[in-house]
Undergrad: 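Quick one: this structure, given as structure tokens, is what I'll be asking you about.
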Amino acid sequence: MDLNQNNQNKDNKNDKKNKQGMFFVLATTIITTFLVLGLLDFAGKATTKEISYNEFLNMVEEGEVAEVIIGDNQLTIKPKSETENVLLPGIEMTYYTGVVKDEKLTERLDAADVKFWSEIPDTASAVFWNIMLSVVLPFGLIFFCMSYLMKKMSKGGGMMGIGKSNAKMYVQKETGVTFKDVAGQDEAKESLQEVVDFLHNPKKYTEIGAKLPKGALLVGPPGTGKTLLAKAVAGEAHVPFFSVSGSEFVEMYVGVGASRVRDLFKQAQAMAPCIIFIDEIDAIGKSRDTALGSNDEREQTLNQILSEMDGFSTEKGLLLLAATNRPEVLDPALLRPGRFDRRIIVDKPDLKGRVDVLKVHSKGVKMDETVDLEAIALATSGAVGSDLANMINEAAINAVKNGRKVVSQSDLFEAVEVVLVGKEKKDRIMKQEERRIVSYHEVGHALVSALQKDAEPVQKITIVPRTMGALGYVMHTPEEEKFLNTKAELDAMLVGLLAGRAAEEIVFDTVTTGASNDIERATKIARAMVTQYGMSKKFGLMGLESVQHRYLDGRAVMNCGEATVSEIDSEVMQMLKDAYEEAKRLLSENREAMDKIAEYLIEKETIT
Ligand code: ADP
């Protein structure tokens, strides 16, 4: 169950209770006030009575009045005869009447021997009450309301709660994921198995005097299962899993990230043993000494993480896992022993790994006997775990679309194509001439690949346009997974890539824009052969480029002077020219076969 939700539920309940209490207190106060006022009113009415001025004068003349208090607005009259109150026995009745301009009143009272006086107003207490009511009470009310609102806001994570990370942090008490759910990645699992053991019984390690690791860094391309592995560690160790993305720490305000980090560690320590997982840690962990684009907020956040990591003791079993696909940009301080000192590589899966991932994800999917996951794995070299999971799902959806109850191999191949080159665009109508050009172009690729002994076998040729821009394509399937490419294979690749353009030139005596992607890929290969693989005669084994961001796009940066760069360009140009000539030669020699296949392709659209 989501712990956050749990807390929220509790909060809600508390809120409700508070509200009920407040309401109760308010209601009782109001009712009591009314009761008291009512009683006072009743008592007042029962013990006093208004009379007319005539009646009062009569009473004075008759000698029935004992005392008169002369006020500003009223005369209070106490009678001589003790007329007992009927309703409230023991309490005397008094009378009152309004003040009438009567200059002879004092004479009359004096003559009737009545005691009379006027009360001196109590100015001090009147001023006190005035101040209380007009100043203290309103301010008190305002203060009370403000403090109540502030409390509410900070609870709800509003303006006053910027520094709290509970809004976005994601806590799972039990992830429910185990190592079995992570296919392949055996080396990573092996390293993490140790970590699971620490979390299980930290004592075993501390007793002997070993220090437990504080953090491990999962490094690899996107979609290879880093998050999944971190969850599996938590699941295997049966400990809570705190997950937060590096970018969530960094806010517009300086200092917020740092306070979020503090908050995160505080919460995690309260729940230890547990795992904190920081995804995309490069968002905050970038090296601090990059002069350009230095960022105070990011640095403060990073510093806070560093100091928190030094601060917590591992004996409780708190472990940090972080994931990144740009380990080279991370700050060295983050990687030193005692922090993220373990680096676990989670790379793209190899053939066996891909078969395993396909197996894991096809567990709940009904498949018929034609399905051969091995063949799918062979065709998807370079795909990561999330691609493969996606493919299985696409295949299942495809089967349902076609009204079938089980997934077949053709569904899977279709899904592979959808993930790699996009969906078929069946409604696009191409002109006959364009179809001819596209089919000769594709046949050119396929035929040259077939003619060269070092090229990969062709699985499929098609001229059905795809949503990702291809008008047609040739699919190669290697017979087995390769980890190395020989120079002969790379040369064959160059010739194969340029053969599409060569076919256009030979058949139509003109060239089209359709070869742009081929040219780009061929140039990239040729350049790498010259600058990285030491496969050119001119430069020999000189390393002229190095690869950056190995786990992302793998862009290369030049390591040589400007003069050399232009020489590299001319070398690459020569290689591409040679490859193009070779392609043209091969196709011209096999013109008949090319015509036949192209005619067939125009008619059938797809050849397998
Ligand atoms: P990363 O964090 O490396 O970017 P994720 O762990 O989020 O990748 O993986 C995304 C999804 O891809 C997972 O939820 C899972 O379905 C699938 N996946 C990736 N790698 C594997 C694997 N080795 N085994 C099983 N499934 C995987």
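Atoms within a ligand are numbered from 1 in the order they appear, just like the ligands themselves. As the structure is a prediction and not an experimental result, all values here were calculated from the model.
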Undergrad: Should Leu318 and Gln269 be marked as a side chain to side chain contact (heavy atoms under 4.5 Å, CB included) after you check the CA-CA gap, both sets of side-chain angles, and the distance that decides it?
TA: CA-CA 7 Å; Leu318 181 61; Gln269 259 165 335; 3.8 Å; yes
Undergrad: Using a cut-off of 6.0 Å, state whether more than 12 heavy atoms not belonging to Lys348 lie near its atom NZ.
TA: no
Undergrad: For ligand 1, which atoms sit closer than 4.0 Å to a heavy atom of Val182?
TA: 23 (N), 24 (N)
Undergrad: Minimum heavy-atom separation for Gln409 to Val371, with atom names?
TA: OE1-CA, 3.3 Å
Undergrad: More than 12 heavy atoms of other residues, nucleotides or ligands under 6.0 Å from CZ of Arg521: yes or no?
TA: no
Undergrad: Indicate yes or no: does an N/O atom of Gly223 lie under 3.5 Å from an N/O atom of ligand 1?
TA: yes
Undergrad: What's the shortest distance from atom 11 (C) of ligand 1 to any protein heavy atom, and which residue and atom give it?
TA: Ser386 CB, 4.0 Å
Undergrad: N/O to N/O below 3.5 Å, does that happen between Asp279 and ligand 1?
TA: no
Undergrad: Looking at non-hydrogen atoms alone, which of Pro221, Ala323, Gly225, Ala183 comes nearest to atom 5 (P) of ligand 1?
TA: Gly225
Undergrad: Quick one: nearest non-hydrogen protein atom to atom 2 (O) of ligand 1, plus distance?
TA: Thr227 OG1, 2.5 Å
Undergrad: Students often mix this up, so state it plainly: with edges at 30° and 60°, are the rings of Tyr205 and Phe198 parallel, tilted or perpendicular?
TA: perpendicular
Undergrad: Which residue supplies the protein heavy atom nearest to atom 18 (N) of ligand 1, what is that atom called, and how far is it?
TA: Gly385 C, 3.7 Å
Undergrad: Which protein heavy atom lies closest to atom 26 (N) of ligand 1, and at what distance to 0.1 Å?
TA: His361 NE2, 2.8 Å
Undergrad: Is the count of non-hydrogen atoms from other residues, nucleotides or ligands lying under 6.0 Å from Glu328 atom CD greater than 12?
TA: yes
Undergrad: Of all heavy-atom pairs between Thr523 and Ile519, which one has the smallest distance, and what is that distance?
TA: OG1-O, 2.6 Å
Undergrad: Can a non-hydrogen atom of Asp181 be found less than 4.0 Å from any atom of ligand 1?
TA: yes
Undergrad: Does ligand 1 have a heavy atom under 4.0 Å from the side chain of Asp356, from its backbone, from both, or from neither?
TA: neither
Undergrad: Give the residue and atom name of whichever protein heavy atom lies nearest to atom 14 (O) of ligand 1, and the separation in Å to one decimal.
TA: Leu228 CD1, 4.3 Å
